[in-house]
Amino acid sequence: MHLLTRARRGQAHGGLAAHLREPSQVVFLALLGLVAIGWALVALDGGQFLTMESIVGIQQRSAALGIVAIGQTLAILAGSLDLSVAYLISLSSLVAAEIMAGQDGNIGPAVAAVLVISSLVGLVNGLVITRLQVHAFIATLGVALIIKGIVDHLYDGPAGRVPESFQLLGYSRVGPVPVSAMLWAGVAVAAWFLLSRTRLGYRIYAVGGNEEVARLSGIRTARVIVITHVLCSVCAGIAGLLLAARLGAGAPTVGTDGGYDLESIAAVVLGGTALAGGKGGVAGTVGGVLLLAVLDTLFNQLEVNSFVKDVVRGVVIVIAVAVYARRRARRSA
């Protein structure tokens, strides 16, 4: 019995490794292809693609989206999603900036307050989905509108002031690597460890793969879904702190202007995580975020108008989903 249990764990671990490895291979190959195409197009235009300045810019711009997308990955893997992250980012930036109010000594309380508020929002999302049996799309959209109403009522524009010491989080670098990129990397590694090396990670995949089977296997599926939503909201709160550091103040539209709700879902999908849950992983999401960031950099250097940008990004996402769907259909055939 002991050997059988170990064998099953080994098979589960091998399956999990396959989930993490295969989508990331596809998205990183696409990323390399995009870099090669971009290099050629910019060279024909008489410029240089991916200079040191543009590489640093890619890292800085992708950090906030990357952190949100990591949290979104956890929710989607469990068969859920979160549309409230954009408004929560805005609220987090405002709360942090107002508590800090330019005082270094208030940084700790501000960070703690943001993490508590974010956790409570995630808890509400999870409980509405699991206890009230409301679909995740509707539940998180409803919470998003509640947060929007609070922000619109309390704030007419930017508020608070972030001290210069905290602004270093948004702009300082260690060599060519921004501190914000290090923060994103730390969040990604923590999520990867959670998914691949802990019981909760296996349960997240199990619930996303088949919630009813997971429940009959003894997994407390509701608890798993609530935890993933709390973690997703905490990631949104961290992104709000990062954007507050970058702006020097809180902004009521910083989350929605950045489109972090749909952009984070797009990055997760590009990374090969199935929207139905149970398949995918953090490595693919990192590749998806970098793909979107490099694509934006290419568009900016070629001075492509915003309409064409949106069309091309939409086409890329649709093609990626179609490719993953065909690959899965072939494996199951």
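Residue numbers start at 1 and run along the sequence shown.
Members clustered with Val56: Met52, by chain and number, using a 4.5 Å side-chain heavy-atom cutoff among hydrophobic residues. Counting side-chain heavy-atom gaps under 4.5 Å among Ile, Leu, Val, Met, Phe, Trp and Tyr, the cluster of Val116 also holds Leu120.
Among residue pairs with one or both ends in residues 126-149, those qualifying as salt bridge (charged side-chain N to carboxylate O under 4.0 Å, His left out) are Lys148-Asp152; sequence neighbours excluded. Applying the side chain to side chain donor-acceptor pair (under 3.5 Å) rule to pairs touching residues 240-251 yields nothing, sequence neighbours excluded. Counting only residues at least two apart or on different chains, no salt bridge (charged side-chain N to carboxylate O under 4.0 Å, His left out) pair has a member in residues 55-65. Applying the side chain to side chain donor-acceptor pair (under 3.5 Å) definition to pairs two or more places apart or across chains, those involving residues 220-242 are Ser80-His229. Legend: side chain to side chain donor-acceptor pair (under 3.5 Å) pairs involving residues 164-179, not counting sequence neighbours, sorted by first then second residue: Asp104-Ser165. Sorted by first and then second residue, the side chain to side chain donor-acceptor pair (under 3.5 Å) pairs with a member in residues 258-272 read Gln72-Ser264, Glu263-Arg313; sequence neighbours excluded.
For Gln60, there are no side chain to side chain donor-acceptor pair (under 3.5 Å) partners, not counting sequence neighbours. Not counting sequence neighbours, Asn210 has no partner by the side chain to side chain donor-acceptor pair (under 3.5 Å) test. Considering only residues two or more places apart in sequence or on other chains, Thr140 meets the side chain to side chain donor-acceptor pair (under 3.5 Å) condition with none of them.
Using a 4.5 Å heavy-atom cutoff, the side chains of Val234 and Ser119 are in contact. You'll find the side chain of Ile58 reaches within 4.5 Å of the side chain of Leu50, heavy atoms only. Ile129 places none of its side-chain heavy atoms less than 4.5 Å from the side chain of Val134. Contact check for Phe299 versus Val308: no side-chain heavy atoms found under the 4.5 Å cut-off.
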Would you mind writing out the side-chain donor-acceptor pairs for residues 87-95 within the sub-3.5 Å range, not counting sequence neighbours?
{"from": "Ser90", "atom 1": "OG", "to": "Ala86", "atom 2": "O", "distance (Å)": "3.4"}
{"from": "Ser90", "atom 1": "OG", "to": "Pro252", "atom 2": "O", "distance (Å)": "3.4"}
{"from": "Ser90", "atom 1": "OG", "to": "Gly255", "atom 2": "N", "distance (Å)": "2.9"}
{"from": "Ser92", "atom 1": "OG", "to": "Leu88", "atom 2": "O", "distance (Å)": "2.8"}
{"from": "Ser93", "atom 1": "OG", "to": "Ser90", "atom 2": "O", "distance (Å)": "2.7"}
{"from": "Ser93", "atom 1": "OG", "to": "Ala251", "atom 2": "N", "distance (Å)": "3.3"}
{"from": "Ser93", "atom 1": "OG", "to": "Ala251", "atom 2": "O", "distance (Å)": "3.4"}

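For the pairing with Ser84, the side-chain contact (heavy atoms from CB on, under 4.5 Å) check across Val124, Ile146, Leu141, Val143 returns one residue only, Val143.
Looking at Thr198, its side chain does come within 3.5 Å of a backbone N or O of Gly201 through a donor-acceptor pair.
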Which is it for Ile219 and Arg215 under the side chain to side chain contact (heavy atoms under 4.5 Å, CB included) test, yes or no, and what are the steps along the way?
CA-CA 5 Å; Ile219 296 175; Arg215 186 184 66 81; over 6 Å; no

